[in-house]
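Input: a single structure, listed below in structure tokens.
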Amino acid sequence: MCMLIVANWKAYIDDLAKAKKLFAVSKRLARTTKCAIVLAPSAPLLGALAKNNTSDVAFAAQDVSLSTGGAQTGEITVGALAAAGATYAIIGHSERRAVGDTDTIIAEKLERALAHDLTPILCVGERERDNEGRYLVIVREQLTTALRMLSPKGRAKIIVAYEPLWAIGKAASFAILPNDLAEMALYIHKVLAELLPGKNSNRSLVLYGGAVEPDNARALVAGSRVDGLLVGHASTDPHIFSLVVKQLV
Ligand code: PGA
């Protein structure tokens with residue numbers, strides 16, 4: 001099984017030497033495992049690593065700005081990220097939602113990313129699991145609000161990363177159970193089928209993120225219909241990240 005693995009370095013990595021080491025290890029892993037690896041460093045490190053990148057490893061921005069340029073000090077436009085070498089963009093991560101990204105802002109960010117040919121990785125997920133199925137309604141709302149503003153062509157390009165907030169940043173034992181993930185992956189495909197024309201929804205990729213570690217990576221993908229993983233803390237150590245990727249081969 002060849003998977004898509006997105007390494008979300010968040011603000012864990014701020015050292016160029018460490019970033020270079022992780023990039024070197026990722027290039028080797030991409031070559032030997034044939035997994036598609038996407039690294040999401042901070043913007044300055046993305047600029048340093050992705051410049052003249054000819055490897056199989058791709059780069060994602062961790063977020064994009066709504067700014068299209070001009071007198072807006074501090075903003076990093078999608079154009080600048082694309083020029084720096086990003087070909088993907090994580091959008092709507094819960095850590096960005098926590099500081100103000102609403103579903104409407106996220107929808108606009110998806111449009112910005114698509115306008116510069118970045119493939120958006122749209123993060124969705126509930127804060128807590130309830131017994132009444134509210135979590136399904138929340139995920140449906142997040143997907144619908146984010147995608148309905150986009151053209152059918154744009155919608156078909158979105159990768160969805162299901163990341164329940166209650167699992168993020170935790171140890172493997174706190175991750176979702178493979179059966180519950182299988183249910184959610186199926187549900188996300190069902191909602192996408194309503195939003196995407198024809199058979200496009202079958203081609204949409206759905207990833208899982210939250211407490212992915214070497215101990216659970218294989219079981220999570222084997223027991224569900226996800227196409228890959230979005231890995232946070234376990235992607236920031238070369239040895240541990242290698243172990244995660246090798247679980248998927
Ligand atoms: P985690 O983070 O792997 O550290 O839980 C995943 C994410 O937030 O993208």
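Order of appearance sets the numbers: ligands from 1, and atoms from 1 within every ligand.
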For ligand 1, output the ligand-protein N/O contacts shorter than 3.5 angstrom; if there are none, return none.
residue  : atom  : partner : partner atom : Å
ligand 1 : 2 (O) : Lys10   : NZ           : 3.2
ligand 1 : 3 (O) : Gly232  : N            : 2.8
ligand 1 : 4 (O) : His233  : N            : 2.9
ligand 1 : 4 (O) : His233  : ND1          : 2.6
ligand 1 : 5 (O) : Gly169  : N            : 2.6
ligand 1 : 5 (O) : Ala211  : N            : 2.8
ligand 1 : 8 (O) : Lys10   : NZ           : 2.7
ligand 1 : 8 (O) : His93   : NE2          : 2.7
ligand 1 : 9 (O) : Asn8    : ND2          : 3.3
ligand 1 : 9 (O) : His93   : NE2          : 3.1
ligand 1 : 9 (O) : Glu163  : OE1          : 3.3
ligand 1 : 9 (O) : Glu163  : OE2          : 2.8

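From Ser235, atom OG reaches atom CG of Leu229 across 11.0 Å, with rounding to the nearest 0.5 Å.
By the 6.0 Å contact criterion, NZ on Lys246 is open, its count of non-hydrogen atoms from other residues, nucleotides or ligands being 12 or less.
A side-chain N or O of Ser65 and one of Glu75 form a donor-acceptor pair less than 3.5 Å apart. Side-chain contact check for His93 and Glu163: at least one donor-acceptor pair (N or O, by modelled atom type) lies under 3.5 Å.
Side-chain atoms of Arg155 come within 3.5 Å of backbone atoms of Leu195 as a donor-acceptor pair (strictly under, hydrogens ignored).
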Evaluate the ring pair (Phe, Tyr, Trp, His ring centres under 6.0 Å) criterion for residues Tyr135 and Tyr162: first the C-alpha distance (whole Å), next the side-chain angles of each, then the deciding distance (0.1 Å), finally the verdict. CA-CA 12 Å; Tyr135 63 96; Tyr162 169 61; 8.3 Å; no
